[in-house]
2 protein chains.
Amino acid sequence: MKAANKHTKIIHAATKVFAKKGFFNARISDIAKEAKVADGTIYLYFNNKFDILISVFEEEIGALIEQVKKLLSTEDDPRKMIEIFARNHLSVMKKNKYLAEVIQIELRQSAKLIKDYRNNKFSEYVDIISSIIKLGQERSIYRATIRPGIAKRAFFGALDEISRVWTVGISTEYSVEEATQQILEIFLCGILEPDASLI
Amino acid sequence: MKAANKHTKIIHAATKVFAKKGFFNARISDIAKEAKVADGTIYLYFNNKFDILISVFEEEIGALIEQVKKLLSTEDDPRKMIEIFARNHLSVMKKNKYLAEVIQIELRQSAKLIKDYRNNKFSEYVDIISSIIKLGQERSIYRATIRPGIAKRAFFGALDEISRVWTVGISTEYSVEEATQQILEIFLCGILEPDASLI
DNA sequence: AAATAGTGAATGGCTATTCATTCATTGTAT
DNA sequence: ATACAATGAATGAATAGCCATTCACTATTT
């Protein structure tokens, strides 16, 4: 029978192979081997190679959204919420390096790879940041001069670039906690020395 | 004669084609056509397709480094220096969309594309940020608790993600000035309302 | 008339996708 | 209980098309 978990098995295998080789260098036979199925079997579950990539985005990021939304639902303070988002993102990326790689690299070219595919799931994920910022502004906790649409990009971009350290073989290492603390310090307080207006 | 400017012509053509189609979908014949030379001519100036991409990185980012270093050399205040870096980066990326696209997308996969190619030029560029931060720390203008190695990533990642708005066809638009101002507000002061410790 | 630069059609290697066939499971008839 | 279909999942070798690179040839310079 067409086991539902074979679909999932292929998705996970594809995530790994895409991460390691990149979409174009990934061979269908690599994915098949990784998933321990025959090449042809993949076409029983997916229409083509692009379809596999899209499914990886939708399903893996979908799960990420579920997870962070659940965590956020227990918190009300926008400062804590932004912290939860950052810590969760960084720890998932550190733990799931294959997913990290796919988001950082393949997702970015997806618009070019696949005609008329909009990354709705991805936008939905990043928009969580702007909604937290808006909430904070309503409560006068975050500055009204901050534009949520720009700040969400700045925040996500910062998290994304910071987490790249764990995917490529860069020597400098730091922990999720350290990275989270730094990101929060920068975004909440800025990098200026509080009494630097002197000089 | 082996005109030096034919080399440059090919580099610019390649930047454009790589930006539009991505490295793997770019055909040598596309680049040749764009540069108005024969397919074979490209191999008189470059060893192979990868070599073209590497040259694009080295030469285009090399020029970017020259430019920003020159601008920075006239300034001494680390706060202004970080501003100069941000404004310059954003305005170059808004103006030169092909280069922006190549940096944002192709550069990221270069490690995977090309065995043992380290993006020295790119690291050199991003390291300008950490050196500005260190300078600021020495003068007690930037907090000592900020780790320059992490902050440079956060700052560059923020700039990079913000400038993506100009490359992909996203509806929301903002100017270089607006983006620069927001980035500086966030990084220098943070997003917290100054007297938000209330609540 | 050398020497050098440029050309573009032909080659050769590579791989996504297909599809004829096999295999496993379930149902039906004896 | 055993034999026999029927169904549809799984397989993987064969196909068909694509494109980086080469190279025999032409054009241009010195």
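Just so you know, these numbers use all the heavy atoms, side chains as well, and skip hydrogens, waters and symmetry mates. Chain letters run A, B, ... following the sequence lines, proteins first and then strands; every chain starts at 1.
- Taking B/Tyr98 as the reference, nothing meets the ring-ring contact (aromatic ring centres under 6.0 Å, His included) condition, with sequence neighbours excluded.
- With sequence neighbours left out, A/Ser91 forms a side-chain contact (heavy atoms from CB on, under 4.5 Å) with A/Val176.
- Distance, B/Phe24 CZ to D/dA20 P: 11 Å, rounded to whole Å.
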Using distance only, find each side-chain donor-acceptor pair of residues 48-58 of chain A under 3.5 Å and give its atom names and separation, not counting sequence neighbours.
unit_1  : atom_1 : unit_2   : atom_2 : d
A/Asn48 : OD1    : A/Phe50  : N      : 3.2
A/Asn48 : OD1    : A/Asp51  : N      : 2.9
A/Lys49 : NZ     : A/Phe23  : O      : 2.9
A/Lys49 : NZ     : A/Ala26  : O      : 2.9
A/Asp51 : OD2    : A/Asn47  : N      : 2.9
A/Ser55 : OG     : A/Asp51  : O      : 2.8
A/Glu58 : OE2    : A/Tyr117 : OH     : 2.7

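- With sequence neighbours excluded, no residue forms a side-chain hydrogen bond (donor to acceptor under 3.5 Å, both in side chains) with A/Asn120.
- Spacing between atom CG of A/Asn25 and atom C1' of C/dC14 amounts to 12 Å, rounded to whole angstrom units.
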Pairwise N/O distances under 3.5 Å, protein to nucleotides 17-20 of chain C:
unit_1 : atom_1 : unit_2  : atom_2 : d
C/dT17 : OP2    : A/Tyr43 : OH     : 2.8
C/dT17 : OP2    : A/Lys49 : N      : 3.1

Side-chain donor-acceptor pairs of residues 30-37 of chain A under 3.5 Å, sequence neighbours excluded:
unit_1  : atom_1 : unit_2  : atom_2 : d
A/Asp30 : OD2    : A/Lys21 : NZ     : 3.2
A/Asp30 : OD2    : A/Arg27 : N      : 3.0
A/Glu34 : OE2    : A/Lys16 : NZ     : 3.3

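- For residues 63-73 of chain B, the salt bridge (charged side-chain N to carboxylate O under 4.0 Å, His left out) pairs, not counting sequence neighbours, are B/Lys69-B/Glu124.
- Distance A/Asp30 CG to C/dA16 P: 8 Å, rounded to the nearest Å.
- Rounded to an integer number of Å, the gap from NZ of A/Lys9 to C1' of D/dA9 is 14 Å.
- Less than 4.0 Å separates DNA chain D from no heavy atom of any residue of residues 15-23 of chain A.
- Shown here are the side-chain contact (heavy atoms from CB on, under 4.5 Å) partners of A/Ala151, two or more places apart in sequence or in another chain: A/Ile133, A/Ile146, B/Ile186.
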Between the protein and nucleotides 14-18 of chain D, which nitrogen or oxygen pairs are less than 3.5 angstrom apart?
none

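- When all heavy atoms of A/Ser163 and A/Met93 are compared, the pair lying nearest together is CB-CB, 4.0 Å.
- As a whole-Å value, the separation of A/Tyr45 OH from D/dT11 C1' is 13 Å.
- Within the structure, salt bridge (charged side-chain N to carboxylate O under 4.0 Å, His left out) contacts touching residues 82-91 of chain A (residues at least two apart or in different chains) are A/Glu83-A/Arg87, A/Arg87-A/Glu177.
- Distance A/His7 NE2 to D/dA9 P: 15 Å, rounded to the nearest Å.
- Distance, B/Lys6 NZ to D/dA27 C1': 12 Å, rounded to whole Å.
- With rounding to whole Å, A/Ile10 atom CD1 is found 8 Å from D/dA10 atom P.
- By the side-chain contact (heavy atoms from CB on, under 4.5 Å) test, A/Tyr174 is found to be paired with A/Ile162, A/Val165, A/Trp166, A/Glu178, A/Ala179, B/Arg147, B/Ile150, B/Arg153, residues two or more places apart in sequence or in another chain being considered.
- For A/Leu44, the listed nucleotide lying nearest its side chain is D/dA10; candidates were D/dA10, C/dG8, C/dG6.
- For B/Pro78 against B/Arg139, the heavy-atom pair with the smallest separation is CD-NH1, 3.9 Å.
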